[in-house]
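What's counted below: heavy atoms across the whole structure, side chains too, no hydrogens, waters or symmetry copies. Throughout, protein chains are lettered first and strands after them, A, B, ... in sequence-line order, and every chain is numbered starting at 1.
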There are 2 protein chains.
Amino acid sequence: MAVDYDVMSARCPSRVVLHRIGARWTVFVVNALEHGPMRFTALVDRIQGVTPKVLTETLRAMEEDGLLARVEYTEQPPRVEYGLTDLGQSLLVPLRAVREWAESHVPEILEARERAQAARQH
Amino acid sequence: MAVDYDVMSARCPSRVVLHRIGARWTVFVVNALEHGPMRFTALVDRIQGVTPKVLTETLRAMEEDGLLARVEYTEQPPRVEYGLTDLGQSLLVPLRAVREWAESHVPEILEARERAQAARQH
DNA sequence: CTGAATCCAAACCGATACTG
DNA sequence: CAGTATCGGTTTGGATTCAG
């Protein structure tokens with residue numbers, strides 16, 4: 001398996017891809033959808049602190065990248081659901097790991113910050 | 001293993017941690033240091049496109065979070081090296097996976113974008 | 001319900017130049 | 001070598017309001 005792309009190169013397309021993944025809310029959306037499609041309002045509720053505007057922008061960008069599919073049901077009342085595509089599912093694997101790392105290493109990081117803070121007192 | 005932190009909660013400390021990880025250049029620095037400590041200039045060269053200013057800021061933040069250690073050698077000429085701490089090493093695992101995902105899925109994403117672009121022509 | 005529109009503030013980032 | 005200083009521009013995010 002040859003490595004054709006290198007994120008360390010300034011103009012490599014993978015750089016752009018990595019940038020998109022690193023966008024503020026992408027990791028939250030991917031993780032929120034891990035158990036299946038959700039409605040817009042449900043996503044807003046689940047991802048606390050995100051505004052409709054920003055969520056919309058994130059969703060649009062991810063849809064454009066083929067990470068998720070928007071399904072519109074022509075019912076009464078109307079309903080829209082967002083779900084991960086196969087590509088999005090594959091991204092879920094590493095992004096779930098990142099989320100889990102963040103959740104499980106909070107104490108160490110908070111301690112490190114306090115130590116740094118204390119060191120600055122001198 | 002109980003889950004004490006939840007990134008979906010607006011005020012959870014893990015949210016801040018995830019934010020730091022997601023900062024523009026953190027993923028690049030962690031990956032660049034995977035094989036051992038490097039000097040400042042070597043990092044600037046390896047991570048193409050990063051400016052000294054931004055790299056310095058990233059390095060300082062990561063040091064404060066206990067992700068990396070700055071070692072100053074009192075030689076002539078002076079030398080400074082940055083290396084991952086144990087905590088940083090543990091973060092390398094998921095972040096390397098993210099980098100590899102980005103590098104290996106570029107074609108699919110570029111195709112998806114072209115499809116989206118073509119669809120908008122109508 | 002699912003967003004779109006608008007406005008504003010802050011964060012972020014790059015370019016450039018300079019220092020011990 | 002290893003940064004710092006300054007500046008400004010772009011991007012981003014939040015608040016709010018409104019609409020199909």
Side-chain angles (χ1 to χ4, degrees), chain A residues 7-12 15-29 32-33 37-65 68-83 116 120, chain B residues 7-12 15-29 32-33 37-65 68-83 116 120:
Chain A
V7 295
M8 298 299 175
S9 299
R11 260 167 246 137
C12 181
R15 183 63 77 86
V16 184
V17 170
L18 196 45
H19 184 207
R20 272 290 176 84
I21 296 175
R24 194 68 103 230
W25 296 103
T26 302
V27 59
F28 293 95
V29 171
L33 294 177
M38 290 177 73
R39 306 182 61 169
F40 185 86
T41 308
L43 277 171
V44 172
D45 291 346
R46 173 115 184 77
I47 306 172
Q48 290 178 29
V50 74
T51 60
K53 175 199 170 192
V54 173
L55 182 60
T56 299
E57 290 165 357
T58 305
L59 257 23
R60 292 277 176 277
M62 293 176 63
E63 197 186 347
E64 181 171 321
D65 285 356
L68 52 80
R70 180 180 187 276
V71 181
E72 205 163 337
Y73 296 91
T74 53
E75 303 173 346
Q76 211 50 250
R79 188 162 56 101
V80 179
E81 283 199 339
Y82 295 90
R120 268 198 305 275
Chain B
V7 295
M8 298 299 175
S9 299
R11 260 165 248 136
C12 182
R15 182 64 76 85
V16 183
V17 171
L18 197 45
H19 182 208
R20 273 288 176 83
I21 297 175
R24 189 69 101 233
W25 296 104
T26 302
V27 60
F28 295 95
V29 172
L33 295 176
M38 292 177 71
R39 306 181 62 165
F40 185 88
T41 307
L43 277 170
V44 173
D45 292 344
R46 173 111 182 81
I47 307 173
Q48 290 179 29
V50 73
T51 60
K53 176 200 168 189
V54 173
L55 182 60
T56 300
E57 290 167 356
T58 305
L59 257 23
R60 293 277 176 276
M62 291 176 64
E63 198 186 347
E64 180 172 322
D65 285 357
L68 54 79
R70 181 181 185 276
V71 181
E72 205 163 337
Y73 297 91
T74 54
E75 303 172 347
Q76 210 53 248
R79 188 161 56 99
V80 178
E81 284 197 340
Y82 295 90
R120 268 198 304 276

From [options], pick the nucleotide closest to the side chain of [X]?
{"X": "A/Val54", "options": "C/dG3, D/dG3, D/dG14", "answer": "D/dG14"}
{"X": "A/Arg39", "options": "C/dA15, C/dT2, D/dA15", "answer": "C/dT2"}
{"X": "A/Thr51", "options": "D/dA15, C/dC13, C/dA15", "answer": "D/dA15"}
{"X": "B/Phe40", "options": "D/dA2, C/dC12, C/dT2", "answer": "D/dA2"}

Interface residues of residues 57-64 of chain A with DNA chain D (non-hydrogen, below 4.0 angstrom): none
Please state how far atom [atom1] in [X] lies from atom [atom2] in [N], giving the value in whole angstrom units.
{"X": "A/Glu72", "N": "C/dT2", "atom1": "CD", "atom2": "P", "result": "10 Å"}
{"X": "B/Arg79", "N": "C/dG20", "atom1": "CZ", "atom2": "C1'", "result": "19 Å"}
{"X": "A/Glu75", "N": "D/dG20", "atom1": "CD", "atom2": "P", "result": "22 Å"}
{"X": "A/Lys53", "N": "C/dA5", "atom1": "NZ", "atom2": "P", "result": "12 Å"}
{"X": "B/Phe28", "N": "C/dC13", "atom1": "CZ", "atom2": "C1'", "result": "14 Å"}
{"X": "A/Asp45", "N": "C/dC1", "atom1": "CG", "atom2": "C1'", "result": "12 Å"}
{"X": "A/Trp25", "N": "D/dT11", "atom1": "CH2", "atom2": "C1'", "result": "16 Å"}
{"X": "A/Arg15", "N": "C/dC13", "atom1": "CZ", "atom2": "P", "result": "12 Å"}

Which residue, A/Val80 or B/Arg24, contacts DNA chain C at a nucleotide closer to its 5' end, judged by nearest heavy atom? A/Val80
Does the side chain of [X] get closer than 4.0 angstrom to OP1 or OP2 of [N] through an N or O atom?
{"X": "A/Tyr82", "N": "C/dG3", "answer": "yes"}
{"X": "A/Thr41", "N": "C/dT2", "answer": "yes"}
{"X": "B/Thr56", "N": "D/dG3", "answer": "no"}

For B/Pro78 and A/Gly49, take the nucleotide of DNA chain D holding the closest heavy atom to each; which residue's nucleotide lies nearer the 5' end? B/Pro78
Students often get this wrong, so: under 4.0 angstrom with heavy atoms, is A/Tyr73 touching a base, only sugar-phosphate, or nothing? nothing
Worked check of side-chain contact (heavy atoms from CB on, under 4.5 Å) between A/Val17 and A/Val7: CA-CA 9 Å; A/Val17 170; A/Val7 295; over 6 Å; no
Tell me, please, whether B/Phe28 has A/Arg15 positioned over its six-membered ring: NZ or CZ under 6.0 Å from the ring centre and within 45 degrees of its axis?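 The answer is yes, since A/Arg15 meets both limits relative to B/Phe28.
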Drop me the distance from B/Leu68's CG to B/Glu81's CD, to the nearest 0.5 angstrom.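 Between atom CG of B/Leu68 and atom CD of B/Glu81 there are 12.5 Å.
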Value for OG1 (B/Thr26) from CE (B/Met62), rounded to nearest 0.5 Å, stands at 5.5 Å
